[in-house]
Amino acid sequence: MEKTSSNTFFITTPIYYVNDKPHIGSALTTVTADFLARFYRLDGKKVFFAVGTDEHGSKIAQAAALAGKTPEDFVKILSLNFKQNWQNLNISFDDFIRTEEDRHKKAVILFLSKLKDSEYIYKGSYRGFYCNGCESFYEKTDLDENGNCKIHRQPVKLIEEENWFFALSRFSDILKEKIASNQIYIFPENRKNEILSFLNQGLKDVSISRQSVFWGIPLPFDQNQITYVWIDALINYISIIGFGQNEEMFYQFWPANLHLLGKDIARFHCIIWPALLLAVGLKPPQALFVHSFFTVEGKKMSKSLSNIISPSELIDKFGVDGTRYLLLKSLPRENDSDIQMKKLEDTYNADLKFGLGNLFSRVLTVALKHNIKNINPSKEDFPDLQKQVIQNINNYFEAIKTIDTEKAISAILHNITLVDILFDREKPWSLKIDEPKLKNIINFSIENLRLLSILIFPLMPETSFKIRKVLGLDTFEKLPTGALEKRLSWGYEKMTITSEIKHLFE
RNA sequence: CGCGGGGUGGAGCAAUGGCAGCUCGUUGGGCUCAUAACCCAAAGGUUGGCGGUUCGAGUCCGCCCCCCGCAACCA
């Protein structure tokens with residue numbers, strides 16, 4: 001079945017496993033998704049932006065027991081923590097799904113029933129190394145040099161149990177074809193190539209259930225087996241838009257336009273998930289963006305190194321918008337990239353405090369010094385520079401198509417520089433009030449600020465609003481189709497400088 | 001020889017075979033409207049190594065060295 005509307009945009013982040021805390025990695029994915037969601041709302045799309053938490057599995061059950069809580073109470077608190085973190089980062093999600101919610105469980109049960117009805121499910125046996133302490137299975141590669149569990153340093157047992165299997169192997173060719181032809185568009189390209197080369201080796205079937213786990217969703221056709229958490233988790237992408245419960249909404253948004261994810265979970269999303277969907281007759285997602293990881297001061301982020309940076313640490317230092325900006329500018333695409341506090345501070349100062357912030361102050365100070373409050377930009381205000389501004393805006397749009405946030409930001413910075421150069425060249429502060437050039441300079445600069453306020457909105461919504469308020473402009477989070485282009489045209493509206501100037505960034 | 005990506009000034013990146021550029025940082029100068037801000041300039045490179053093709057190679061070819069990603073149920 002086709003999507004019922006071509007104007008919708010369904011975008012997701014992974015649902016985060018509640019056993020880990022939110023860190024700058026999960027914040028990175030989430031902020032990037034928010035940037036896109038906000039952009040597409042401005043661009044006239046009907047956006048559905050989904051986030052959530054993954055709450056099942058034996059690890060959670062153990063952690064809950066350790067904390068002396070029931071799993072239900074335990075995950076509720078942890079899930080809320082994620083939600084609050086995203087709210088703190090001003091994430092404009094449209095819905096937040098928890099795998100413990102009834103609506104999700106219902107969707108999982110329906111999905112698995114359909115899967116069972118397909119010819120792709122069979123019973124087989126699963127072999128793995130079982131650690132009593134962890135109550136979970138490991139692969140050989142997960143064990144330490146003595147073949148013991150890394151956490152408990154205890155010997156593990158090779159256990160074989162009956163599981164239900166999904167015939168993933170039968171999807172190799174169809175997936176290859178769809179990915180190679182970009183019907184399932186995986187990018188950046190290196191990730192697509194990786195997935196394709198993996199597919200070329202042929203796929204093995206995967207087990208979709210566990211016997212030894214109790215915290216999860218029982219299979220509808222075998223109550224003794226619990227749905228394997230990954231299968232459970234992936235289904236969130238359809239349960240959140242009403243799979244099996246709200247058909248109208250579901251077909252409005254499915255297939256997803258874009259799944260965002262980190263490279264660690266590329267396989268599940270690029271192979272297993274599309275195969276599962278195809279098995280039950282649903283369309284695979286249209287696009288998957290796989291980003292790379294941050295290292296911190298040259299080292300992998302890990303609990304054992306205790307070098308994990310939390311979003312709140314960055315917010316304390318750089319504010320919400322500053323944090324969003326720095327994450328987006330640092331988004332690692334093809335390769336991992338290194339985060340260093342010193343560098344983040346440098347970037348914050350150069351781009352925000354002394355770039356955008358300083359520009360805002362100097363432009364408004366000069367305008368008010370000459371008592372110019374009413375701004376009416378025209379095509380005659382430095383047409384050569386206008387051309388460059390428009391070129392940069394085009395570059396910004398192009399960059400967003402490929403989720404190249406660094407390039408999008410670079411386009412914004414270029415427009416800031418244009419005004420700084422103009423000021424230095426024309427020295428408006430020294431001009432007399434009746435010199436016609438003065439008006440052109442102020443017009444150009446303020447109009448550029450207006451355009452910037454729109455361009456930065458998806459990145460830094462609060463800062464955008466601050467600028468607009470001072471310029472006497474309305475604020476908005478979504479626009480009808482085609483309206484963004486109009487609003488980005490030179491001289492779209494008159495402005496009146498209304499309030500006192502405050503610094504944008506401290 | 002498992003598959004794939006890459007090695008370019010201190011950092012991050014860019015260059016259909018045609019003067020090796022951009023952003024940040026550093027240094028010097030200018031300016032003083034602006035948040036020690038802004039503008040200009042300079043320094044800084046044998047483009048990982050060796051060889052080859054070519055009038056001309058970061059770019060093409062061969063060999064070598066080094067880094068990184070992926071190699072399945074880690075939720």
Side-chain angles (χ1 to χ4, degrees), chain A residues 14-20 53-60 99 126-128 134 136-143 150-151 163 165-166 168 188-198 200-208 210 213 216 228-234 263-268 271-272 290 292-293 295 329-330 332 334-338 340 342-343 346-347 349-370 406-407 409-410 413-414 416-417 419-431 441 445 501-506:
Chain A
I15 53 172
Y16 301 107
Y17 200 54
V18 288
N19 212 26
D20 293 320
T53 43
D54 180 11
E55 311 183 357
H56 292 138
S58 49
K59 274 193 188 172
I60 305 287
T99 55
Y126 173 85
R127 265 158 61 107
C134 299
S136 60
F137 284 100
Y138 292 108
E139 283 295 300
K140 216 176 231 166
T141 48
D142 300 323
L143 304 174
K150 277 183 183 166
I151 298 159
N163 280 162
F165 278 75
F166 171 57
L168 182 65
E189 210 179 348
N190 62 334
R191 298 298 163 196
K192 172 180 165 180
N193 293 338
E194 264 174 31
I195 295 291
L196 281 174
S197 102
F198 182 71
N200 278 330
Q201 299 162 38
L203 295 171
K204 282 185 191 163
D205 295 348
V206 291
S207 99
I208 59 156
R210 292 286 187 274
V213 177
Y228 175 49
V229 276
W230 255 112
I231 307 299
D232 175 353
L234 287 167
K263 64 179 185 177
D264 55 333
I265 54 178
R267 294 257 168 92
F268 289 98
I271 294 174
I272 298 179
V290 184
S292 298
F293 284 167
T295 53
K329 191 169 183 186
S330 318
E334 284 86 354
N335 302 310
D336 290 357
S337 71
D338 196 43
Q340 293 168 22
K342 172 72 171 63
K343 272 201 213 158
D346 284 349
T347 305
N349 285 337
D351 295 359
L352 297 182
K353 223 171 139 182
F354 305 146
L356 180 59
N358 181 60
L359 178 80
F360 177 80
S361 301
R362 78 187 302 201
V363 167
L364 286 164
T365 305
V366 170
L368 293 181
K369 189 186 164 197
H370 289 101
E406 195 192 348
K407 261 201 190 124
I409 284 172
S410 161
L413 296 176
H414 277 113
I416 291 171
T417 304
V419 180
D420 277 330
I421 292 172
L422 176 70
F423 261 52
D424 202 69
R425 196 175 81 192
E426 305 292 346
K427 304 186 176 20
W429 54 89
S430 63
L431 294 176
I441 297 166
S445 308
I501 301 156
K502 274 181 245 152
H503 289 160
L504 286 179
F505 299 95
E506 298 299 335

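Naming: A, B, ... by sequence-line order, numbering from 1 per chain.
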Would you mind reading off the distance between [X] atom [atom1] and [N] atom [atom2], rounded to a whole angstrom?
X	N	atom1	atom2	value
A/D424	B/G29	CG	P	17 Å
A/E334	B/G4	CD	C1'	13 Å
A/R425	B/U32	CZ	C1'	19 Å
A/N200	B/G2	CG	P	17 Å
A/H503	B/A36	NE2	P	8 Å
A/N190	B/C67	CG	C1'	15 Å
A/L504	B/A37	CG	C1'	14 Å
A/D420	B/U23	CG	P	13 Å

With heavy atoms under 4.0 Å as the rule, sort [X] into base, sugar-phosphate or nothing.
X	answer
A/I271	nothing
A/I272	nothing
A/G357	base
A/S361	base
A/F360	nothing
A/V206	nothing
A/I265	base
A/K427	nothing
A/Y16	nothing
A/R191	sugar-phosphate
A/N335	nothing
A/G216	nothing

When the [atom1] atoms of [M] and [N] are compared, how many Å lie between them, rounded to an integer?
N	M	atom1	answer
B/U54	B/G62	C1'	16 Å
B/G2	B/G9	P	30 Å
B/C74	B/C68	P	25 Å
B/A72	B/C67	C1'	25 Å
B/A14	B/A20	C1'	10 Å

Between A/K329 and A/L413, is the side chain to side chain contact (heavy atoms under 4.5 Å, CB included) condition met? List the steps.
CA-CA 11 Å; A/K329 191 169 183 186; A/L413 296 176; 3.9 Å; yes
A/L168 and A/I272: CA distance, side-chain angles, deciding distance, side chain to side chain contact (heavy atoms under 4.5 Å, CB included) verdict:
CA-CA 7 Å; A/L168 182 65; A/I272 298 179; 4.0 Å; yes
Counting only Watson-Crick or G-U wobble pairs whose two distances fall under 3.5 Å, which nucleotide matches [N]?
N	answer
B/G69	B/C3
B/A42	B/U26
B/G21	B/C13

A/K343/A/D338 ion pair, N-O < 4.0 Å:
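Salt bridge between A/K343 and A/D338, a charged N being under 4.0 Å from a carboxylate O: no.
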Ion pair A/K192/A/E189, N-O distance below 4.0 Å
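Not counted as a salt bridge, because no side-chain N and carboxylate O are separated by less than 4.0 Å.
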